[in-house]
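Worksheet for the structure shown next.
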Number of protein chains: 2
Amino acid sequence: MKLPKKERQSRLKQKIFENPFVTDDDLAKQFNVSVQTIRLDRMELSIPELRERIKSVAEKTFEDEVRSLPIDEIIGEIIDIELDESAISIFDVKDEHVFQRNGIARGHHLFAQANSLAVAVIDDELALTASSQLQFYKPVQLGERVVAKAKVSSKDQRRTTVEVQSYVGQTLVFKGDFNMYRSTTQLKGDE
Amino acid sequence: MKLPKKERQSRLKQKIFENPFVTDDDLAKQFNVSVQTIRLDRMELSIPELRERIKSVAEKTFEDEVRSLPIDEIIGEIIDIELDESAISIFDVKDEHVFQRNGIARGHHLFAQANSLAVAVIDDELALTASSQLQFYKPVQLGERVVAKAKVSSKDQRRTTVEVQSYVGQTLVFKGDFNMYRSTTQLKGDE
DNA sequence: CTACTATTAGTACCTAGTGCTAGTAGCGGG
DNA sequence: CCCGCTACTAGCACTAGGTACTAATAGTAG
């Protein structure tokens with residue numbers, strides 16, 4: 001019934017990573033061992049206690065000044081924004097964003113960063129992407145930092161056009177033209 | 001030296017808003033009153049204790065984080081594939097795919113499903129998206145099942161064009177034309 | 001003087017731990 | 001068969017940052 005130590009510890013690590021809000025007691029019950037064993041495991045794995053874990057998660061958000069902006073659903077970190085004008089975000093390419101076999105960032109992450117930024121820059125209750133044209137100029141590699149710059153290029157009653165250009169260093173790697181619906185009533189289009 | 005009650009309470013509120021990580025003890029020293037007074041004030045103002053405050057901040061971040069990450073797995077489930085010909089995948093729209101405020105699926109998930117499918121249908125070691133044109137016809141709602149159908153429409157030495165159409169029931173909700181690079185050598189383009 | 005508010009003090013209890021000591025169960029080697 | 005080792009368990013004292021409650025005191029208004 002009980003797992004070997006190594007197995008338990010690696011699962012423990014995973015569990016806590018997935019849900020840092022879990023107590024030692026919960027874990028002890030899940031793994032069918034004593035609380036003490038869980039604590040020994042945490043020591044060995046250098047995993048801090050529940051409250052410290054929660055605190056560090058909270059500190060991360062809190063330190064981000066951008067948290068006050070209505071940006072709770074953004075891919076990448078917004079570092080500058082002028083509503084209905086322009087915005088800049090950065091996105092660090094990590095393991096989970098790339099193809100395992102060649103370390104190239106998957107396209108939808110670049111799209112997601114650009115599209116989120118296009119949504120964020122629009123100063124309206126609702127912003128949905130109606131259509132877009134994308135160009136992927138150069139593969140982005142693991143570890144690179146993508147800087148996306150959005151500019152509102154035109155605006156009428158219902159629609160706004162946002163141009164997003166993403167760079168790695170000085171190199172243009174991606175460009176997207178987003179045609180966005182605005183306003184409070186949703187008719188067509190997505191996001 | 002000591003402030004009147006009302007004044008102290010409004011400053012207390014402000015202090016805690018600015019820095020939710022402050023303890024009652026700290027506050028008591030700052031306002032030069034007893035810890036009990038601070039606690040009575042918090043009760044009257046319905047401000048939760050330190051740990052609860054930290055926890056709620058952490059929960060907010062954590063939910064945002066897990067929301068932006070799971071774009072990684074192969075998006076949608078491939079239910080039929082004929083290499084270099086066509087493919088079909090399904091994608092169920094869940095909580096984590098939609099905007100909280102209106103339950104509409106975020107565009108990059110539809111893009112990700114379509115783009116993954118375009119990559120999958122190509123019978124080559126490497127397939128990267130060079131460019132694409134997207135149309136979002138209708139918002140997709142939480143709980144809906146999106147069926148994406150990919151068709152290879154043209155093919156030459158280096159490039160393949162894949163048309164993907166996504167449906168909810170009989171309704172076309174999304175269309176994407178993907179211009180893909182193939183082969184083992186990577187030159188330009190992403191994914 | 002009494003009533004009332006604001007404040008302070010102190011106690012028991014809570015959670016989710018740390019840090020420590022001690023004991024046991026199972027296994028391999030000599 | 002005992003020795004030593006690892007893994008696990010158990011218990012106790014203590015901690016922070018509280019809750020919930022009772023009681024006492026100071027000041028002020030009627």
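Lettering follows sequence order; numbering is per chain, from 1.
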When rounded to whole Å, the CG to C1' distance for the pair L12(B) and dA6(C) reads 15 Å
I54(A) atom CD1 is separated from dG17(D) atom C1', nearest whole Å, by 14 Å
F31(A) CZ to dT9(D) P, in whole Å, measures 13 Å
From CD of E44(B) across to C1' of dA20(D) the rounded distance in Å is 16 Å
E7(A) CD to dC8(D) C1', in whole Å, measures 18 Å
Hydrogens and angles aside, do Q113(B) and S89(B) bring a side-chain donor and acceptor to less than 3.5 Å of each other? yes
Practice prompt. Would you check if K55(B) and F21(A) make a side-chain contact, meaning some heavy-atom pair closer than 4.5 Å?
Written response: yes
Every protein N/O within reach of nucleotides 27-30 of chain D N/O, cut-off under 3.5 Å:
none

_Does the Lys NZ or Arg CZ of R158(B) fall within the cation-pi geometry relative to Y181(B) - under 6.0 Å from the ring centre and within 45° of the axis?_
no
In B/S/- notation (B base, S sugar-phosphate only, - none; protein heavy atoms under 4.0 Å), nucleotides 8-27 of chain C written 5' to 3' is BBB----BBBB---------
Requested in this report: Please check if the distance between the ring centroids of H109(B) and H97(B) is under 6.0 Å.
Outcome: yes
From NZ of K6(B) across to P of dA6(C) the rounded distance in Å is 10 Å
**Message:** Quick check: do S132(B) and F111(A) have side-chain heavy atoms less than 4.5 Å from each other?
**Reply:** no
Practice problem: For residues F99(B) and R106(B), determine if any side-chain heavy atom of one lies less than 4.5 Å from a side-chain heavy atom of the other. | Solution: yes
May I ask you to decide whether R53(A) forms a salt bridge with E49(A), counting only side-chain N to carboxylate O separations under 4.0 Å? no
Q9(B) atom CD is separated from dA6(C) atom P, nearest whole Å, by 9 Å
Q) Between S154(B) and T161(B), do the side chains contain an N or O donor and an N or O acceptor separated by less than 3.5 Å? A) yes
